[in-house]
2 protein chains.
Amino acid sequence: MTAYKFTYFNAKALGESIRMLFHYGGVEFVDDRVNFEDWPKIKPSTPFGQLPVLEVDGKKVVQSSAIARYLAKKFGLAGKDDWEALQIDSTVETIHDLRTKIAAHYYENNAESKAEKLKIAKEMVPFYVNKLDEQVKKNGGYFVGGKLSWAEFVFVGLLEYLNYTQGCDIIAKAENLKALRDTVLAIPSIKTWVAKRPKTEF
Amino acid sequence: MTAYKFTYFNAKALGESIRMLFHYGGVEFVDDRVNFEDWPKIKPSTPFGQLPVLEVDGKKVVQSSAIARYLAKKFGLAGKDDWEALQIDSTVETIHDLRTKIAAHYYENNAESKAEKLKIAKEMVPFYVNKLDEQVKKNGGYFVGGKLSWAEFVFVGLLEYLNYTQGCDIIAKAENLKALRDTVLAIPSIKTWVAKRPKTEF
């Protein structure tokens, strides 16, 4: 049996979609959580000074989308053919574009620049959310092909972090995305995991 | 025969890896180039207000990595199995992390914040370049598995843009990455394309 160890901060953010995929697939893994105060000690031992890191039988791999896609293939969540895989990949990149708009102001130290970036995010976040909401409406409640894919786990896994860093419920008016979130959170394996996972702010 | 139309700015940047893949695969496509002054007119007609856009028999798809991965699968450049595909995907995400560090200062309007971000990039760009250079050294002149993949096209396609926006030759001291670039540029189909492609600054 393959041994998986998944190392990320004690947060949902970029790690939660991967934890959700493991639970969905029913595959055991070590849920290794780094406290923020321990990170400077651990950072030099990671391949690129970043988390997440997945160890597969001791071999380290990095980058959240690459790892999530790899697991998604094992669990039948990466599309029925290359065309569907393309739509899923494209959606995931767009979700990360949305994340980047929020991160731009959230992690900005300069007050003037932060205000400018927040202004952009207040325009762009609803733009992306509306587009994604329309996409879900057109695709029968899911992002692609009327069925669950790893794009849903990326979105729902990131959502609390996005809300926290943007400072509001970004999908408050997006009925289709709210229904998509509820669909994912109602999957029995995900429901069980969410009920027992460590409580973190984002 | 599938009809492909690839729309991007008249620049290499995020579009060139995709053009290179089409030429490598010997597949005809319309190389549609938008001048920067025409962009505001065209922007609302794109799915997410962004380029690149690929039309496949009239169906529009977006996001550069998703598109490049889709073409790479057709041309045998996406790894021999899921494990190799993971390494390639991970490398591409890391190349984009490198790009993001440069973009952070290049597109920053606030002078103080720009200086701070340039300082970070001056530290982080060599860090990423060294790590990628070591990876190529360990993998027989390529990023993954001792053979060509779409990660090479992403890197070489972006390189002039990265150099332009960082304001220096970022691989000046990275012998393995320089050799990798030369390997890619010596592929006959790529050599022919590079000789005839429109001249652009980045």
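All chains are named by letter (A, B, ...) in the order of the sequence lines, taking the proteins before the strands, and each is independently numbered beginning at 1. Side-chain atoms are counted along with the backbone in the values below, which use heavy atoms only and exclude waters and symmetry mates.
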Student: If you count heavy-atom pairs within less than 4.5 Å of chain B, which of Leu132(A), Ile67(A), Val56(A), Val92(A) leads?
Tutor: Val56(A)
Student: Rounded to the nearest 0.5 Å, what separation is found between the CG atom of Leu86(B) and the CG atom of Leu54(A)?
Tutor: 8.0 Å
Student: Which residue out of Gly49(A), Pro47(A), Ala104(A) racks up the most heavy-atom pairs below 4.5 Å with chain B?
Tutor: Pro47(A)
Student: For chain A against chain B, give me the donor-acceptor pairs closer than 3.5 Å, one per line with atom names and distance.
Tutor:
unit_1, atom_1, unit_2, atom_2, d
Pro47(B), O, Lys131(A), NZ, 2.9
Gln50(B), OE1, Tyr128(A), OH, 2.4
Gln50(B), NE2, Asp97(A), OD2, 3.2
Val62(B), O, Ser90(A), OG, 2.8
Gln63(B), NE2, Thr94(A), OG1, 3.0
Gln63(B), NE2, Asp97(A), OD2, 2.9
Ser65(B), N, Glu93(A), OE1, 3.4
Ser65(B), N, Glu93(A), OE2, 3.3
Ala66(B), N, Glu93(A), OE2, 2.6
Arg69(B), NH1, Asp89(A), OD2, 2.8
Asp89(B), OD2, Arg69(A), NH1, 2.8
Ser90(B), OG, Val62(A), O, 2.8
Glu93(B), OE1, Ser65(A), N, 3.4
Glu93(B), OE2, Ser65(A), N, 3.3
Glu93(B), OE2, Ala66(A), N, 2.6
Thr94(B), OG1, Gln63(A), NE2, 3.0
Asp97(B), OD2, Gln50(A), NE2, 3.2
Asp97(B), OD2, Gln63(A), NE2, 2.9
Glu108(B), OE1, Ser113(A), OG, 3.3
Glu108(B), OE1, Lys117(A), NZ, 2.4
Glu108(B), OE2, Ser113(A), OG, 2.9
Glu108(B), OE2, Lys117(A), NZ, 3.3
Asn109(B), ND2, Glu116(A), OE2, 3.1
Asn110(B), OD1, Asn110(A), ND2, 3.4
Asn110(B), ND2, Asn110(A), OD1, 3.4
Asn110(B), ND2, Glu112(A), OE1, 3.4
Glu112(B), OE1, Asn110(A), ND2, 3.4
Ser113(B), OG, Glu108(A), OE1, 3.3
Ser113(B), OG, Glu108(A), OE2, 2.9
Glu116(B), OE2, Asn109(A), ND2, 3.1
Lys117(B), NZ, Glu108(A), OE1, 2.4
Lys117(B), NZ, Glu108(A), OE2, 3.3
Tyr128(B), OH, Gln50(A), OE1, 2.4
Lys131(B), NZ, Pro47(A), O, 2.9

Student: Non-hydrogen atoms of chain B under 4.5 Å away: do they reach the side chain of Val61(A), the backbone, both or neither?
Tutor: side chain
